[in-house]
Amino acid sequence: MASNANTSRGTVPAKCVSCDRSMDSPLFCAHCRTLYPADDVSHFELFGLDPSYDLDAEVIRRTYLNLARAIHPDRFPRAAEEVERLSERVSARVNRAFQTLSDPVLRAEYLLEMLGGKSATQDKNVPAEVLSQTLMLREEIEEAKASDDQESLGRLRAQVGKLCEQTLAGVAELARRLPGDEVCRQALRAKLNSMKYYQKLLEQL
Amino acid sequence: MDETETILGIDLGTTFSLVAYADEEGPHIIRDETGEGRLPSVIGVVPSPEGGKPRVTIGWTARNHAVENPRATVYSIKRLIGKGMDDIRQELPFLAYAVTAGPRDTVRVEIEEDRYTPEEISSVILRALRERAERHLGRAVRKAVITVPAYFDDAQRQATRDAGQAAGLEVVRIINEPTAAALAYGIGVREALEQGAAPAPARTERGHVSLPQPTCPQGPSDKPANASAAAQTVAVYDLGGGTFDVSILRIERDVFQVLSTAGDTHLGGDDFDREIIKLVQREVQEQFGLSIDSPTTRQALRGFAEAVKIRLSEQEQANLELDLGDNRSYHRTITRNEFEALIDELVERTLVLCRHALRDAGLSPEDVEQIVLVGGSTRIPLVRRRVEAAFGRPPYTALNPDEVVAIGAAMQASVLSGAAADMLLLDVTPLSLGIETMGGAVGKLIVRNTTIPCRATEMFTTFVDGQTAIKIKVLQGERELAADCRALGEFELRGIPAMPAGLPKVEVEFLIDANGILNVAAREQRSGKQAGIQVVPNHGLTRDEVARITRESIEFAREDIDAHRRIDLVNQVEFDTHKAEQMLAKVGDQLKRAQRERIERDIAALRKLAAETQDLDELHRALDAFGKSTLHLAELGISAALKDT
Ligand SMILES: [Zn+2]
């Protein structure tokens, strides 16, 4: 299988190694349908976008469907096994990119790490008030669940939903300032970490 | 010629299986000589009279003789495939045939001296479908798309693929039943809109067509005028014989994107039947102090309960009557209300799963623009009412719930043969995938409802100096503890270069392919060499075993239909007429004289036809008609069989 040997890191290869024609996507040649793993290309580049928090959901979706149509294993039904495997890998890659770019939290997370911020495992900092608040809420949820108190559960659902919304607004505001300075990136990291706590609560509800 | 090779679409169901294919005109269900598309997923092993190899009966024949052959008639095998003994404890009281534990937490069906894997039993059904297709198409067929419940896990999917292989079929894709139904629904709607009320691609005897009217007569038709271009959110509610699935899809032109799925692989029409069986068993026990639970009774009660259930979908009440012998008879009337009370909890469970699927898709019931009903059990009025209440709109019922899955499978088959290259199906994995971490917890690698193919990688290292192998336990499920999830298997990484502890870095790739099946690969990063990986499957067959059942299936197989169809039919006529005579002798006094005489005449006529005719289709039809005309007699016979046990 062709590998994109003649590509510079993170850009669309100029020419397809199989047919020598120019390529529009880092993932596949539209002329001869050769697939490329494009492991070094960012999610944004896969979708032909500049890195940014604000994206048009409709554009993302259209691009995704066009890519999927070109690379999905169903499109290579009689291909050799290596090609089939590669199309699975490339499809998995595009699916991941679509999932990340369409979800505001995953998108902020990805953008933060891409632009020099720390990952959740590197920086686990969560504001103390968020910790105590979620601890309290968890107890309330467990209590309401134990006594099957639907009214309280409804109230808690609304409350946690509101917290998620507010935190997400904070995430968006900080993510728009990326790459920003270290303070901004740390603040975003903390907001994203808090978000995880709230999302876990929401799952329990 | 590879380009035009036909790929079959097969719906391998718990109670019934169907086969379809698509050509330029669209998808077609392949029917038997009597126009019936459904083949009962039942096989019977009948000892050969000469003491040779046992004869295997399949489908209607096996189903119709289940009561006489209780321990050697295998049904609902789909509820056992890919499962271990612990998974099926609650099934056992309802199975008339014997099930024992096999190696690696698998199960075996035991008939006389022989033990069969669920894959082997399923492969017999698949081979019968393949042969039906080959007779119809007049050429050999080697490839198929087979459908499975969306909620089937990795082991169940692999086992289904193995069954296909054992039936001489390359399973080019496993697709999910609700997704297949959505394909049939979506393409049907699009074509109807493009052509104005277009003719159905597959019109069935029952008068159901696979195409809807452009506007749904009962539903709120607030679709935009050009609905073919707009996206539509659809819920597929699929309640079959043994399994329940709900899938939420976004359908936009020819793209079918599954947003989420939820289900229960042990919830279906069988369970509704069992509620009736339990009621009868309990009341017979209370009233007569009799325990009716022999294999014969189990088979008889199954058919009996199913008939009552079907009657209650059409009528407000049904009579239950069992002759228990010694002038004792159990008699009661069951109303539809009573039946609905019995199954209410089961139906409620399906609605809870609908809410889970909606939540995972990030939608509320109002967002769903159409609810497509699939599976025979959706004919139950209570199911329709509850679904309508849950989604706040009447479900779409224009599709034939029995055939829509096979139609969709044939459509996907035509995509994979390169004929329908515009259609794109994007499905999801129903269950989260993880690995066991320290202390028996689960480290999630892929969350449920992720679009497939999907991939995750994880680094592993050694704990001891010079360690050259690492074991990874792979799990599927949503629970926090490994013990509560389903262990897919243990993967052993071997051939790791001997190094101090913690130094080797083995990258393991977990890839769920478009079939929803897991593939694992590993690479040691320092040496760059592909680490050897050995998979020890839980609940499944090894490659050697699959090869063995593929090889041996030729011997196990019943005689080839094409060559021996006449012998089979004549034998069947002999069997059926003889049986009818026996029944007449035993319970004929319960019939009116005119009825008795008519059956006697039918017996003579059928024997004469069997001896003389060269038209096997005619004989088949006559045999079928005979079965129908002696149905009442057979029912009386079932009661008598119950009495005898
Ligand atoms: Zn090219």
Side-chain angles (χ1 to χ4, degrees), chain A residues 27 33 35 37-39 57-58 60-106 121 153 157 160-161 164-165 168 196 199-200 202-205, chain B residues 2-3 5 7 143 145 170 172-173 175 183 231 250 252-259 356 359-360 362 411-429 446-457 478 480 509-519 521:
Chain A
L27 289 166
R33 305 192 66 215
L35 292 167
D39 285 336
E58 199 45 36
I60 301 279
R61 198 181 142 72
R62 297 264 146 254
T63 313
Y64 168 63
L65 294 180
N66 284 335
L67 287 173
R69 211 185 273 282
I71 59 172
H72 193 275
D74 285 359
R75 293 279 166 267
F76 299 87
R78 278 183 297 267
E81 202 179 317
E82 313 93 81
V83 176
E84 202 188 330
R85 292 278 154 240
L86 187 58
S87 89
E88 282 165 355
R89 239 187 108 186
V90 173
S91 292
R93 173 90 176 77
V94 168
N95 286 339
R96 164 77 61 86
F98 175 60
Q99 187 192 13
T100 307
L101 295 182
S102 343
D103 181 295
V105 176
L106 295 177
T121 38
L153 282 172
R157 214 170 285 137
V160 177
C164 279
E165 232 169 81
L168 190 59
K196 280 208 185 87
Q199 282 177 328
K200 254 214 184 105
L202 212 53
E203 263 171 45
Q204 285 179 354
L205 282 159
Chain B
D2 211 34
E3 284 302 311
E5 187 176 17
I7 305 176
K143 292 183 177 179
V145 169
E170 181 195 338
V172 290
R173 185 71 83 236
I175 66 167
L183 286 182
R250 190 176 147 124
E252 191 176 349
R253 287 191 157 269
D254 33 29
V255 178
F256 296 78
Q257 186 185 9
V258 180
L259 303 176
H356 287 176
R359 184 197 58 203
D360 281 4
M411 287 172 162
Q412 175 66 3
S414 77
V415 169
L416 293 169
S417 67
D422 288 335
M423 213 167 83
L424 179 65
L425 196 166
L426 298 163
D427 218 318
V428 299
T429 180
I446 292 170
V447 293
R448 68 167 184 274
N449 290 322
T450 299
T451 304
I452 51 174
C454 53
R455 177 179 176 261
T457 55
E478 310 310 322
E480 304 277 327
E509 176 193 74
F510 301 87
L511 187 138
I512 299 178
D513 65 19
N515 303 304
I517 292 176
L518 176 68
N519 300 265

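In the text below, chain A, chain B and the rest are named by the order of the sequence lines, each starting its count at 1.
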Rounded to the nearest 0.5 Å, what separation is found between the CG atom of B/D427 and the CG atom of B/L259?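 These two atoms lie 10.5 Å from each other.
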Between B/L425 and B/M411, does a side-chain contact (heavy atoms from CB on, under 4.5 Å) hold up when you go through it step by step? CA-CA 11 Å; B/L425 196 166; B/M411 287 172 162; over 6 Å; no
Which one wins on heavy-atom pair count under 4.5 Å against chain A: B/R250, B/R359, B/Q257, B/E509?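 Among the listed options, the one with the most contacts to chain A is B/R250.
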With a 4.5 Å cut-off on heavy-atom pairs, point out which of B/V415, B/D422, B/I7 contacts chain A the most.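 Highest number of heavy-atom pairs under 4.5 Å: B/D422.
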So for [X], is it side chain, backbone, both, or neither that comes closer than 4.5 Å to the heavy atoms of chain B?
X: A/R85; value: side chain
X: A/N95; value: side chain
X: A/F98; value: side chain
X: A/R96; value: side chain

Can you tell which part of B/L511 gets under 4.5 Å to a heavy atom of chain A, answering side chain, backbone, both or neither?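 B/L511 touches chain A through side-chain heavy atoms alone.
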Please state whether the side chain, the backbone, both or neither of B/I452 comes within less than 4.5 Å of a heavy atom of chain A. backbone
In plain terms, say whether A/K200 and A/E203 are close enough for a salt bridge, that is, a side-chain N and a carboxylate O under 4.0 Å apart.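 Looking at A/K200 and A/E203, the cut-off is not met.
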Could you check whether B/E252 pairs with A/R61 (Lys NZ or Arg NE/NH1/NH2 to Asp/Glu carboxylate O, under 4.0 Å)?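 Between A/R61 and B/E252 there is a salt bridge, with a charged N closer than 4.0 Å to a carboxylate O.
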Heavy-atom side-chain contact between A/D74 and B/Q412 under 4.5 Å: yes
Is a side-chain N or O of A/R33 found less than 3.5 angstrom from the main chain of A/R75, in a donor-acceptor match?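 A pair under 3.5 Å: yes.
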